[in-house]
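We number each residue from 1, following the sequence as shown. Here the structure is a predicted model, which means the values were calculated and not measured.
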Amino acid sequence: MEFLAALMKVIDLICQALRNVEMLPAALVTSGVVEAAAALALAIFEPPRGIFQHHGKAPLYLYYGILVTTVIFGLVEASVGFWVSRDLNGRGAVGKTVMFISILPIVFVAGLGGFVILK
């Protein structure tokens with residue numbers, strides 16, 4: 001399957017999960033794992049580029065700090081997906097909140113070029 005088609009399926013799953021609580025655990029687990037994998041691959045295989053180069057150590061630490069935080073958040077998001085699946089009605093609001101918050105790390109990874117690696 002082509003990468004763009006797979007990414008569109010994940011985005012469609014997230015959109016459906018925000019409307020239907022029964023799809024929320026699958027969306028949390030899937031998006032968390034994809035987010036963590038993209039950030040980890042970016043940290044391992046791609047050196048910092050752009051503003052993160054040639055400006056001292058602070059931007060370099062910021063670059064890797066963003067990626068490590070995104071990996072941790074992705075794994076926590078996947079764990080929340082398993083936690084929410086045990087009680088959809090009682091924990092659905094927490095799952096939706098984590099899903100909304102997960103947009104920011106996805107934007108960071110996409111902005112840094114993380115999804116280019118997964119091609």
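At a threshold of 4.5 Å between side-chain heavy atoms, the hydrophobic network of Ile, Leu, Val, Met, Phe, Trp and Tyr places Val33 and Phe45 in two separate groups. Val94 and Val29 end up in different hydrophobic clusters when Ile, Leu, Val, Met, Phe, Trp and Tyr side chains are linked at under 4.5 Å. No continuous path of ILVMFWY side-chain contacts below 4.5 Å connects Val76 to Phe82, so the two sit in separate hydrophobic clusters. Both Val21 and Met99 are assigned to one and the same hydrophobic cluster, defined by single-linkage of ILVMFWY side chains at heavy-atom distances under 4.5 Å. Clustering ILVMFWY residues whenever any of their side-chain heavy atoms sit less than 4.5 angstrom apart, transitively, puts Val98 in the very cluster that holds Trp83.
Between Phe108 and Leu67 the shortest side-chain heavy-atom distance does not fall below 4.5 Å. No side-chain heavy atom of Leu104 sits under 4.5 Å from any side-chain heavy atom of Phe73. In this structure, Tyr63 and Leu42 have side chains that are in contact, with non-hydrogen atoms separated by less than 4.5 Å.
What you find for Leu24 and Lys96 is that their closest heavy atoms are CD2-N, 3.7 Å. Taking every heavy atom of both residues into account, Ala27 and Ile14 meet most closely at CB-CA, 4.2 Å. The two residues Ala43 and Tyr64 make their nearest non-hydrogen contact at O-CE2, 3.6 Å. Shortest non-hydrogen contact noted between Pro25 and Val84 is CG-CG1, 4.4 Å. When every heavy atom of Val80 is checked against every heavy atom of Gly95, the shortest pair comes out as CG1-CA, 4.5 Å.
Counting heavy-atom neighbours within 6.0 Å of Asp87 CG, excluding the residue itself, gives a total above 12. The number of heavy atoms from other shown groups lying within 6.0 Å of CD (Gln16) is above 12.
Ile101 CD1 to Ile106 CD1: the interatomic distance, rounded to the nearest 0.5 Å, is 12.5 Å. Taking CD from Glu35 and CG from Leu40, the interatomic distance works out to 12.5 Å, rounded to the nearest 0.5 Å. Going from atom OG of Ser79 over to atom CG of Leu28 covers 10.5 Å, rounded to the nearest 0.5 Å. One distance of note links OG1 of Thr30 with CE of Met23; it measures 9.5 Å at 0.5 Å rounding.
Side-chain contact of Ser31 with Glu77: a donor-acceptor pair under 3.5 Å is present, judged by distance alone.
Side-chain N or O atoms of Arg91 include none that pairs as donor or acceptor with a backbone N or O of Arg86 at under 3.5 Å.
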